[in-house]
Amino acid sequence: MKEQDGININLIDKVIANNNLWRAYKKVKANNGAPGIDGITVVQLKSHMKKYFEPLKKKLKDGTYQPQPVKRVAIPKPDGSKRYLGIPSVLDRVVQQAILQVIEPIIDPHFSEHSFGFRKGRNAHQAIILAEKYYEEGYRVVVDCDLKSYFDTIHHQRLRAYLEEFISDKIVLKLIWKFLRSGILDRDIYIETKEGAPQGGPLSPILANVYLNKLDRELEKREHRFIRYADDFVIYVKSKRAGERVMESVSKFIEQDLQLVINQNKSKVCGATTSTFLGFNIQNLMGKLDADQVSRPNNDSKTS
DNA sequence: ATCTATTTTAC
RNA sequence: UUUGUAAAAUAGAU
């Protein structure tokens, strides 16, 4: 707790440690992703890194490292709309990964027990178990709140303030800031990034969680039964009326205090049985459990 | 404990 | 073509 702050000041040395940088390289290489705007591929990455290894470490150490703009790529979403990815250069992905490897063990323990997305040792299944628990406790109305293009609307300065609560190393904070501000290259036109985290950077998921940790803490303060998986979150209440009231006050908090946008069309208050969360419907889940509990001798035509 | 490969799910 | 993180399963290397 207190000792962490002391270690925290020297985080950049942990970031640029040879074994950390090469471990980060391996992670990026293993993902086999596409190149960024410089066209350097994961195949070329190792020799590229070796060639500029010492200058790279020096620039990271003094905070003068300048990330390249991310490459904008549009991919279709299941609902037919587009999702814009921001692909950092392979080297920038290594640097982000190296920072992630150092800050994640420091930050993650401070996250909420109700947060399940993008976290070590946590998965969607555990989130569903909790949803089931809420349901069985009699919280059977779901407030389903949808954030409009969450990643793209993260407020930089607020995010930095939230990060400063966990990280005191000024150089690491500066590097993260530079990644947020490095801009987007859409074909040949450069777009400044004054808000949002690129969907594609290794740091983006943890930054998304740092930001919405503030929402978790507020919901805990209000003693709500909730589950959050990245930007997807649900609050379990006992009545439709309570749901409407919670929806209104939580929406107000999100828009005023977090400066995010609620997607009014997709947000809704409904019965737990008609809600789908993390690709799961509670009724189907209960149905499955019933089917497992009640033994059915002759129903299966399959092998046994 | 580290790492490679393949597949699936979630956002 | 299409990025990222996490989880799970399987095969394997040290």
Side-chain angles (χ1 to χ4, degrees), chain A residues 18-20 22-43 45-46 67-79 81-101 103-105 107-108 111 114-131 144-154 176 179-180 182 184-187 196-212 215 227-234 263 266 276-281 284-285:
Chain A
N18 287 8
N19 66 359
N20 189 59
W22 286 112
R23 189 157 63 93
Y25 157 78
K26 280 172 180 169
K27 196 75 198 290
V28 172
K29 175 73 190 289
N31 278 333
N32 218 330
I37 60 164
D38 59 11
I40 294 173
T41 65
V42 287
V43 177
L45 181 55
K46 194 170 190 172
Q68 293 183 280
V70 295
K71 182 181 180 182
R72 172 165 280 186
V73 174
I75 59 167
K77 284 205 276 189
D79 64 8
S81 63
K82 282 176 182 173
R83 160 175 271 124
Y84 290 103
L85 303 177
I87 305 171
S89 73
V90 286
L91 184 60
D92 287 335
R93 296 209 292 269
V94 170
V95 174
Q96 286 194 40
Q97 181 66 35
I99 294 171
L100 176 68
Q101 286 165 6
I103 68 172
E104 195 190 52
I107 298 176
D108 193 84
F111 284 156
H114 301 91
S115 167
F116 292 89
F118 308 132
R119 292 187 60 191
K120 277 225 163 17
R122 286 163 175 264
N123 57 39
H125 184 68
Q126 294 169 320
I128 296 301
I129 300 288
L130 186 55
D144 189 342
C145 226
D146 188 86
L147 299 175
K148 200 170 184 179
S149 49
Y150 166 60
F151 274 80
D152 301 331
T153 55
I154 293 174
I176 295 171
F179 276 113
L180 290 171
S182 65
I184 298 163
L185 202 65
D186 192 355
R187 303 266 191 172
Q199 298 188 59
L203 277 173
S204 297
I206 196 171
L207 296 180
N209 273 337
V210 165
Y211 202 83
L212 285 184
L215 172 65
I227 304 160
R228 186 171 66 79
Y229 195 102
D231 62 337
D232 199 353
F233 74 97
V234 288
N263 196 335
K266 288 190 184 174
T276 306
F277 179 58
L278 267 24
F280 251 109
N281 174 281
N284 291 346
L285 186 71

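Quick note on labels: first sequence line is chain A, next is B, and so on, each numbered from 1. Since the structure is predicted, the reported quantities are computational estimates derived from the model, not experimental observations.
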Between [N] atom [atom2] and [X] atom [atom1], what is the distance in whole Å?
X	N	atom1	atom2	value
A:F111	C:U5	CZ	P	16 Å
A:E104	C:U5	CD	C1'	9 Å
A:Q97	C:G4	CD	P	10 Å
A:I206	C:U3	CD1	P	22 Å
A:N209	C:U5	CG	P	14 Å

Report the secondary structure of RNA chain C in dot-bracket form, marking unpaired bases with a dot and bases paired to a different strand with |, and treating Watson-Crick or G-U pairs with both distances under 3.5 Å as paired. ...|||||||||||
Of all pairs that satisfy salt bridge (Lys or Arg N to Asp or Glu O under 4.0 Å), the ones with a partner from residues 115-126 of chain A, not counting sequence neighbours: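 Pairs touching residues 115-126 of chain A that pass the test: A:E104-A:K120, A:D108-A:R119, A:E113-A:R122.
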Positions of residues 85-96 of chain A (non-hydrogen atom under 4.0 Å from RNA chain C), listed by number: A:L85, A:I87, A:R93
Among residues 24-31 of chain A, which contact RNA chain C at a heavy-atom distance under 4.0 Å? A:K27, A:N31
Partners passing salt bridge (Lys or Arg N to Asp or Glu O under 4.0 Å) against A:D231 (at least two apart in sequence or in another chain):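 Checked A:D231 against salt bridge (Lys or Arg N to Asp or Glu O under 4.0 Å); zero matches.
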With A:K29, which residues qualify under salt bridge (Lys or Arg N to Asp or Glu O under 4.0 Å), at least two apart? none
Checking [X] now: which residues fulfil side chain to side chain contact (heavy atoms under 4.5 Å, CB included) with it, not counting sequence neighbours?
X	value
A:P198	A:V70, A:S204
A:L185	A:I37, A:P69, A:Y190
A:A124	A:Y229, A:L278

Show the distances under 3.5 angstrom between N or O atoms of the protein and N or O atoms of nucleotides 7-11 of chain B.
from   : atom 1 : to     : atom 2 : distance (Å)
B:dA10 : N3     : A:Y229 : OH     : 3.0
B:dC11 : O3'    : A:D231 : OD1    : 2.7

The contact string for nucleotides 8-14 of chain C, one letter per nucleotide 5' to 3', using protein heavy atoms under 4.0 Å with B, S and - for base, sugar-phosphate only and none, comes out as -------
side-chain hydrogen bond (donor to acceptor under 3.5 Å, both in side chains) with A:R72: which residues, sequence neighbours excluded?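 Expected list: none.
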